[in-house]
**Q** 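Let me begin by handing over the structure; questions about it come next.
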Amino acid sequence: MRPPWWRDLALLPSALSGVFLLVGYSLEWSGLHLPGLVLQWAALLAGAYTFVPGAIRRLLRGRLGVGLLMTIAAIGAVLLGHVGEAATLAFLFSLAEALEDRAMDRAKEGLRALLSLIPDTVRVSRLAGDVTLPAVDVRELDILVVGAGERVATDGVVVDGRSSLDTSAITGESIPVEVGPGDPVAAGSVNGSVTLRIEATADGRDNSLTQIVALVEQAHARKGERARLADRIARPLVPTVLIAAALVALFGFLVGDPSMWIERALVVLVAASPCALAIAVPVTVISAIGAASKFGVVIKSGEAFEQLGTIRTVALDKTGTLTRNEPAAIDVQPAAGIDREDLLAWAAAVEATSTHPLASAITAASELVTPATDIVEDAGHGITGTVDGRTIRVGNTRWLDPGAQRVAAESMAAQGMTVVVVEADGQIAGLIGVRDELRPESAETVRMLHAQGIETIMLTGDNDRTARAIAAQAGIDDVRAEQLPADKAAAIDALVKSSPTAMVGDGINDAPALATATVGIAMGLKGSAAAIESADVAFTGHDLRLIPGALAHARRGRRIMTANIALALAIIVVLFPLALFGILGLAGVVLVHEVAEVIVILNGVRAARRPAALRQLAAASAPLPEPART
């Protein structure tokens, strides 16, 4: 677990460098030149400690970067007697690097949250009775005994028992899955109310859940290799400046005045040092990230912010992202002669004591709930009870034939609902359609994204019929349903190859896709820890309209960042010939650099201003309209 920034030892050298530099300059301006010089040297060494060793190691491996150019520029400034300037360069660059490294480390955390879905121990059936083993010791063909409410330790097939499984963390399926003998189950699923015996089809160390962890790790490794914008610019800049300075010094030997031309070569190095470039990106990123956090968007790194401004495609998970992840009874179809309220009251009465997730949706739809008597639950099928002398059965269409209401049942299913049949004294009393409803702002969010020229795609582990029904309401045409975590990651990988793609999700099943995307966005505080840690951006709120607002904010910040980089490069282009031909000495070069840095900082601070879309969202006080219910 990372310590708070004020206790992070990785930031200590940069902090000491800044303090030494400030006090050193103060002493020098007070006339205490020697103590001031000593503290400036201390600031230089503290700052250089954070990047000089790494720059040298990369150089030995044949890799160049801004760190090497900053190292040489600092050495040049020291050789010309300007220790304070060298210390300033070292402090600014070390601080930028330390903050970036700390932010990027966030992406590598949280994998323990994935593995926490696997229980520490598991009961295994043996000839002599059940024994408890560490989950990692489970082997293929072992018979697991999974009690009510327990998690499945590894992938397997049910050999005995019928129950419902909560697979939302693994597949994104919002409605529990009914399983019985012969049905496959995935590691990390939560068992319902009936004990299951499951034959393991994978070892405890190598199953679908551990593969999710591996996918996340691989995606982060690929992301770590992406160079930041400043580094990409520095690659051709560093060798060009070094070659130019070497040629200037060599020219001095050829004309017989090596001392003057060596000094001029050092001035050229300082003139070409990327002082403004080193802070052009960090100052913009820090300003923009700080502003984003105020409206509930946590951007974890500078690279994530840069990439967020390039997004052209947004893939959205369904359950818990586009939808509420709270199944509700949205359609009630009573049979002829049956009152709607009676139908709901009967169903709610027998479901009142049930732990099945659909039970809460049905009981919430009835105004008055009086628990039934003589309750008998048939796992995987339904539940029976007595209400006011009537025998009431509530279950799925496989258990209770809808009869004359079959057409209505099929219509409900076509709209993505789970159909619950209610029977009273052997006669079909009606149907209740349960569905995880669309968030009220989902359709508006999709429209806002399309208005920005951004394509939208739905990726979900839910069934195709439900997914397409929800997508149609949201205004999304491209639907990829029944996607396992690896399928989602593969789909995102393909999308990233064609255009910068953001993945928006909130479940553990989304973690590999979030890590694979150009930018992974985790929605809401209710999102799983694994999803939040795997993502590059996390929303502390749950209003989907933050997505287009955040993208607009990042695009504006990227434009400011690009302008800063252009200015920083322009300064180098202008100063280089002036230093080369002796028009400007070191003092003039340093002055221009400092002015450029002030301009870059002031321009970068502009990135803290929120875009109009987010200001309007923050100011909105009217509640969002609820989606219409049948």
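Bear in mind the structure is a predicted one, so any value in this text is a computation, not a measurement.
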**Q** At their closest point, which heavy atom of T460 faces which heavy atom of A467, and how far apart are they?
**A**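 Residues T460 and A467, closest heavy atoms: CG2-CB, 3.6 Å.
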
**Q** For the pair Q333 (side chain) and A408 (backbone), establish whether a donor and an acceptor sit closer than 3.5 Å, ignoring hydrogens and angles.
**A**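 The answer is no, because no donor-acceptor pair under 3.5 Å joins these two groups.
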
**Q** Look up atom OG1 in T456 and atom CG in D477, then write down how far apart they are to the nearest 0.5 Å.
**A** 7.0 Å

**Q** Does T313 reach the main-chain N or O of E455 with its side chain, forming a donor-acceptor pair under 3.5 Å?
**A**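 Checking the backbone N and O of E455 against the side chain of T313, no donor-acceptor pair under 3.5 Å is found.
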
**Q** For the residue pair I375 and V350, what are the closest heavy atoms and their distance?
**A**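 Scanning both residues, the minimum pair turns out to be CD1-O, 3.7 Å.
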
**Q** Hey, could you give me the CD/CD1 distance between E351 and I383, rounded to the nearest 0.5 Å?
**A** 5.0 Å

**Q** Answer yes or no: is there a donor N or O on one side and an acceptor on the other, between the side chain of R393 and the main chain of T384, under 3.5 Å?
**A**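 Flag not set: sc R393 to bb T384 has no pair under 3.5 Å.
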
**Q** Rounded to the nearest 0.5 Å, what's the gap from OG1 on T397 to CE on M412? Could you check?
**A**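 Going from OG1 on T397 over to CE on M412, the span is 11.5 Å.
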
**Q** Can you name the nearest heavy-atom pair linking A347 to I432, along with the distance?
**A** CB-CD1, 3.7 Å

**Q** Please find the pair of heavy atoms, one from P334 and one from V332, that lie closest to each other, and give the distance.
**A** CD-O, 3.5 Å

**Q** Please answer whether the main-chain N or O of A474 pairs with a side-chain N or O of S442 as donor and acceptor at a distance below 3.5 Å.
**A** no

**Q** Side chain to side chain contact (heavy atoms under 4.5 Å, CB included) for R312 and T310? Distances and angles first, verdict last.
**A** CA-CA 6 Å; R312 305 305 308 168; T310 69; over 6 Å; no

**Q** Go through the steps for V479 and K318 under the test side chain to side chain contact (heavy atoms under 4.5 Å, CB included), then give the verdict.
**A** CA-CA 10 Å; V479 180; K318 181 185 76 69; over 6 Å; no

**Q** Say you draw a straight line from OG1 of T518 to CD of Q307; how long is it, rounded to the nearest 0.5 Å?
**A** 6.0 Å

**Q** What's the separation between atom CZ in R447 and atom CZ in R545, rounded to the nearest 0.5 Å?
**A** 10.5 Å

**Q** Grab the two heavy atoms, one from V434 and one from P327, that are nearest each other, plus how far apart they are.
**A** CG1-CB, 3.8 Å

**Q** Okay, side chain of T363, backbone of A352: is any donor-acceptor separation there less than 3.5 Å?
**A** no

**Q** So which atom in T195 and which in G147 form the shortest heavy-atom distance, rounded to 0.1 Å?
**A**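 Result for this residue pair: OG1-CA, 3.8 Å.
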
**Q** According to salt bridge (Lys or Arg N to Asp or Glu O under 4.0 Å), does anything in residues 494-505 pair up with another residue at least two apart or in another chain? List the pairs.
**A** D493-K497

**Q** So, using side chain to side chain contact (heavy atoms under 4.5 Å, CB included) as the criterion, who are the partners of S411 when residues are at least two apart?
**A** Q415

**Q** So does V146 get a backbone contact from the side chain of N191, meaning a donor-acceptor N/O pair under 3.5 Å?
**A**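 Checked: pair present.
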
**Q** Is a side-chain N or O of Q452 found less than 3.5 angstrom from the main chain of P548, in a donor-acceptor match?
**A**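 Pair found, side chain donor or acceptor close to backbone of P548.
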
**Q** Taking G188's backbone N and O only, do any of them form a donor-acceptor pair with R151's side chain (distance below 3.5 Å, no angle check)?
**A** yes

**Q** Flag the pair D317 and K488 as a salt bridge only when some basic side-chain nitrogen lies within less than 4.0 angstrom of an acidic carboxylate oxygen.
**A**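 Salt bridge: yes.
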
**Q** So, does R162 use its side chain to make a donor-acceptor pair with the main chain of V194 at under 3.5 Å?
**A**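 No; judged by distance alone, with no hydrogens or angles, the pair does not exist.
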
**Q** If you round to the nearest 0.5 Å, how far is OG1 of T321 from CD1 of I547?
**A**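 Those atoms lie 8.0 Å apart.
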
**Q** Show your reasoning for whether side chain to side chain contact (heavy atoms under 4.5 Å, CB included) applies to R406 and D401.
**A** CA-CA 8 Å; R406 181 174 298 281; D401 188 342; 2.4 Å; yes

